[in-house]
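A short worksheet on the structure shown next.
Chain A is the first sequence line, chain B the second, and so forth, proteins listed ahead of strands; every chain is numbered from 1. Both backbone and side-chain heavy atoms feed into the values below; hydrogens, waters and symmetry mates do not.
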2 protein chains.
Amino acid sequence: MTTVKVVCHRHYEDENEWSCGNWLEYTLVIVLATILLLGSLGLTLFWVINYHGGFAWQEDPKKQFNLHPVLMVAGFITFSGFSILLYRICRCCRRIYVKLLHTIFHALAIPCVALGFLAVLDSHNLANPPIANFYSLHSWIGLVTMGLFAIQFVFGFFSFLILLCCEGATAGFRSAMVPIHASFGLTTFMLAIAACVTGLTEKVMFKLGEDYSHWKEEGIVVNVLGAILIAAGILVSFAVRSPTLKGDARLSVTERL
Amino acid sequence: MTTVKVVCHRHYEDENEWSCGNWLEYTLVIVLATILLLGSLGLTLFWVINYHGGFAWQEDPKKQFNLHPVLMVAGFITFSGFSILLYRICRCCRRIYVKLLHTIFHALAIPCVALGFLAVLDSHNLANPPIANFYSLHSWIGLVTMGLFAIQFVFGFFSFLILLCCEGATAGFRSAMVPIHASFGLTTFMLAIAACVTGLTEKVMFKLGEDYSHWKEEGIVVNVLGAILIAAGILVSFAVRSPTLKGDARLSVTERL
């Protein structure tokens with residue numbers, strides 16, 4: 001209990017020391033992140049409903065495919081993006097609650113990613129004639145992203161939650177693992193964005209072909225969606241590395257444990 | 001002169017303190033970076049020569065296009081990648097020489113990018129019928145990357161080389177600009193990789209279309225090239241942020257000025 005009290009005390013000290021510029025940066029990151037992370041999901045929904053006829057399950061493999069971009073953006077971008085950000089910038093709760101929220105947001109991403117993956121597999125396998133799987137650059141990037149995400153989740157869950165049962169004995173190991181988990185987490189997020197922009201390019205080329213160069217409305221919507229996803233990637237990467245949002249660097253390792 | 005001597009002295013101290021693991025990490029980054037940065041350029045050359053008939057200038061716009069991927073990968077990935085890495089990990093020379101090398105490598109990227117840009121513009125405008133420009137997600141990302149690259153070069157040249165003429169008076173400003181220049185530099189590199197993977201997807205979809213799903217040899221070459229580019233992005237990003245390769249954190253701002 002004593003340790004927690006000390007950490008909280010230094011937290012408040014930090015907050016009192018924050019200048020107007022720091023608060024402006026903090027607020028701007030939160031507002032922009034909300035716009036970009038929810039905006040990307042909203043625009044993906046608009047795209048597939050307006051230009052691809054909405055959703056279905058196995059009875060209509062073409063429409064089942066439409067679940068793939070929406071669920072992948074929801075899981076890998078919106079939920080994961082908020083999860084990374086709230087872990088980094090949440091300044092008002094005890095560390096364990098922030099950790100649990102981080103885990104819950106990533107856990108919410110799991111069914112999205114699993115169903116999104118199933119949707120594209122089904123839409124390929126149930127098509128007439130069936131379409132091959134895992135042949136494209138997009139699918140290779142996507143597979144690596146899913147693999148890294150799974151490893152990160154399992155590793156993070158055991159290292160930073162389960163190992164808390166022997167808090168003292170595992171502190172050294174956990175503190176050594178924090179930067180590794182953070183680096184791989186950001187890498188996974190960047191890979192997810194690479195998977196999104198290659199996937200969008202692939203889909204728009206399949207659908208529009210040469211017409212893409214005639215500035216069709218759908219082409220512009222897809223480009224704007226890609227731009228929003230990249231902007232989200234830059235913002236999350238900035239927020240994770242910003243020394244202001246990190247708080248006091250001397251405290252970061254123990255605080256973030 | 002006294003300052004320089006002190007910095008060199010502390011450099012050697014750092015080097016002596018390096019453990020076997022640090023040297024292993026350092027050597028591994030250099031070897032892997034060389035393989036990935038040169039490998040991506042080599043594979044791009046192989047791809048366009050083997051599957052797209054090699055190069056030409058305005059007399060054959062289709063073959064002129066082939067200069068675009070090669071020159072862009074040379075400028076944005078190979079030269080820029082080495083430039084970022086050598087600035088970060090060069091431990092044997094005076095800071096000013098490292099700065100000059102960093103500038104020279106980025107300067108070498110300029111003609112590559114300019115000619116690569118001209119090649120794609122010509123190949124579109126001289127085609128029969130002409131093809132529109134800047135309609136795709138790839139071209140949007142590419143334009144932003146070129147803009148950021150230009151701003152970074154001009155800003156870096158004036159801030160970290162020209163302003164050295166009044167070394168003492170500008171030290172504060174320069175040291176404040178280092179993290180901003182570094183962040184935008186890494187962002188530019190990541191955007192360049194996003195431009196590459198979307199460009200590769202676009203090109204392979206135009207060329208192979210539905211055949212892409214039949215595991216054609218060219219499709220696999222393009223996928224491997226994309227994977228190498230992404231691996232280069234992860235490696236450069238890791239090298240830039242690694243505390244080991246950074247050396248002593250307490251010295252980093254002044255040392256890296």
Side-chain angles (χ1 to χ4, degrees), chain A residues 124 127 129-141 144-145 148 179 182-184 186-188 190-191 193-206 208-216 219-220 222-227 229-231 233-234 237-238 240-243 249, chain B residues 124 127 129-141 144-145 148 179 182-184 186-188 190-191 193-206 208-216 219-220 222-227 229-231 233-234 237-238 240-243 249:
Chain A
H124 279 197
I131 304 163
N133 294 306
F134 313 125
Y135 63 84
S136 69
L137 180 56
H138 162 70
S139 62
W140 289 21
I141 301 172
V144 174
T145 311
L148 259 182
S183 282
F184 275 95
L186 197 58
T187 303
T188 311
M190 292 298 155
L191 281 174
I193 287 166
C196 288
V197 290
T198 47
L200 287 173
T201 301
E202 201 181 306
K203 188 67 192 166
V204 82
M205 293 291 296
F206 262 133
L208 300 179
E210 297 277 344
D211 268 355
Y212 192 19
S213 66
H214 298 147
W215 290 90
K216 295 276 172 195
I220 298 171
V222 165
N223 291 2
V224 172
L225 176 53
L229 289 164
I230 285 179
I234 294 173
S237 162
F238 164 79
V240 167
R241 276 188 258 131
S242 164
Chain B
H124 278 196
I131 304 164
N133 294 306
F134 313 125
Y135 63 84
S136 68
L137 179 57
H138 162 69
S139 61
W140 288 21
I141 300 172
V144 174
T145 311
L148 259 182
S183 282
F184 275 94
L186 197 58
T187 304
T188 311
M190 292 299 156
L191 281 174
I193 287 165
C196 288
V197 290
T198 46
L200 287 173
T201 301
E202 201 180 307
K203 189 66 192 166
V204 83
M205 293 292 296
F206 263 133
L208 300 180
E210 298 278 345
D211 268 354
Y212 191 19
S213 66
H214 299 147
W215 290 89
K216 295 276 170 192
I220 298 171
V222 165
N223 290 2
V224 172
L225 177 53
L229 288 164
I230 284 178
I234 294 172
S237 164
F238 164 79
V240 166
R241 278 190 256 130
S242 163

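Tyr135(B) approaches Asn223(A) most closely through the heavy-atom pair O-ND2, 2.7 Å. Here the shortest heavy-atom pairing between Trp215(B) and Phe134(A) reads CH2-O, 2.9 Å. Gly226(B) approaches Leu137(A) most closely through the heavy-atom pair CA-CD1, 3.8 Å. Nearest heavy atoms, Tyr212(B) versus Ser136(A): OH-CA, 3.4 Å. Contact record, Ala132(B) with Ser213(A): CB-O, 3.3 Å, taken as the closest heavy-atom pair.
Heavy atoms of Ile193(B) lying under 4.5 Å from chain A are absent altogether. Of the atoms belonging to Thr187(A), it is side-chain heavy atoms, and not backbone ones, that fall under 4.5 Å from chain B. Heavy atoms of Leu186(B) lying under 4.5 Å from chain A belong exclusively to its side chain. Using a 4.5 Å cut-off between heavy atoms, Val144(A) makes no contact with chain B at all. For Leu191(A), the part lying under 4.5 angstrom from a heavy atom of chain B is the side chain only. Neither the backbone nor the side chain of Val204(B) comes within contact range of chain A; no heavy atom of the residue lies under 4.5 Å from a heavy atom of that chain. Of the atoms belonging to Phe206(B), heavy atoms from both backbone and side chain fall under 4.5 Å from chain A.
Taking Met190(B), Met205(B), His124(B) one by one and counting their heavy-atom pairs under 4.5 Å with chain A, the maximum is reached by Met205(B). When each of His214(A), His138(A), Glu210(A), Lys216(A) is scored by its heavy-atom pairs under 4.5 Å with chain B, the top score falls to Glu210(A).
With sequence neighbours excluded, no residue satisfies ring pair (Phe, Tyr, Trp, His ring centres under 6.0 Å) with Phe184(A).
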